[in-house]
Every structure is written in C-alpha cells, then in structure tokens.
Visitor: 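If you scroll down you'll find the structure; I have some questions about it.
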Amino acid sequence: MLYYLLFLFVAFGAKLVLAVVMIYLLLPADSTCSECDGDTLLLRMGPVGRACSWLCFGQLQRRWCPRCGWEGMARPGRAGAGPVPTDARTGTPTR
C-alpha cells in the first residue's frame, strides 16, 4: 500500500506541486503594472482569492492599475521602487 501511495504522489502530486510553484514564480513581483509601468493599487480579494492566498502562505495579492485598467494577481514585492537612475555616458548606476 505504501508503494502505491508513493507512486500516486510521484505521478500526480509532485507534478501538481511543481506546476503551482512555477505559476507563482511567473506572477509579477513588484507593484508596477506589467502593461504600462504605472503604480498599481492593492484590491480586496473575495473568498476564493483569500483561500488561494492562504494556500500560498499569504504571498498572493490582487492588484489593479488605474492608468490602463489592468487587473490581476501578483506577488508582494517592493512597493514604489522605481527604476535605478543610470549615467547616460557610462551606463553605471548613480547614487
């Protein structure tokens, strides 16, 4: 019986876990819109969204861009982190 359960986990469970992890890693990790690079706002999730966020240990957010209307799921990340200013001549980051 133990070998049968191990086979089921390897055949189905491991693939499901890997698929969920890969989908999570494909979500944007910052608070900027992926369509127009505008700042996004955090939205309140419904019961299904809260359950999904709970399954991801609270690491899932629903966001909305007021500039272009994009709405989707994202990972919590840096809030308000803009692009790093670089020197036009050398291409190195400035401080």
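Below, all heavy atoms of this structure are taken into account, side chains as well, without hydrogens, waters or symmetry copies.
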Visitor: Could you list all the side chain to side chain donor-acceptor pair (under 3.5 Å) pairs where at least one residue sits in residues 16-27, not counting sequence neighbours?
Guide: none
Visitor: Distance from Leu27 atom CG to Gln61 atom CD, nearest 0.5 Å?
Guide: 10.5 Å
Visitor: Please give me the minimum heavy-atom distance between Cys33 and Cys68, naming the atom from each residue.
Guide: SG-SG, 3.5 Å
Visitor: Is any side-chain heavy atom of Trp70 less than 4.5 Å from a side-chain heavy atom of Cys36?
Guide: no
Visitor: Looking at Ser31, is its backbone amide N or carbonyl O close enough to the side chain of Thr40 to form a donor-acceptor pair, meaning the two atoms are under 3.5 Å apart?
Guide: yes
Visitor: Would you give me the side-chain donor-acceptor pairs under 3.5 Å for residues 41-52, sequence neighbours excluded?
Guide:
from  : atom 1 : to    : atom 2 : distance (Å)
Arg50 : NH1    : Met45 : O      : 2.8

Visitor: Quick one: salt bridge (Lys or Arg N to Asp or Glu O under 4.0 Å) pairs with a partner in residues 52-70, sequence neighbours left out?
Guide: Arg62-Glu71
Visitor: Can you tell me how far the OH atom of Tyr4 sits from the CZ atom of Phe9, to the nearest 0.5 Å?
Guide: 15.5 Å
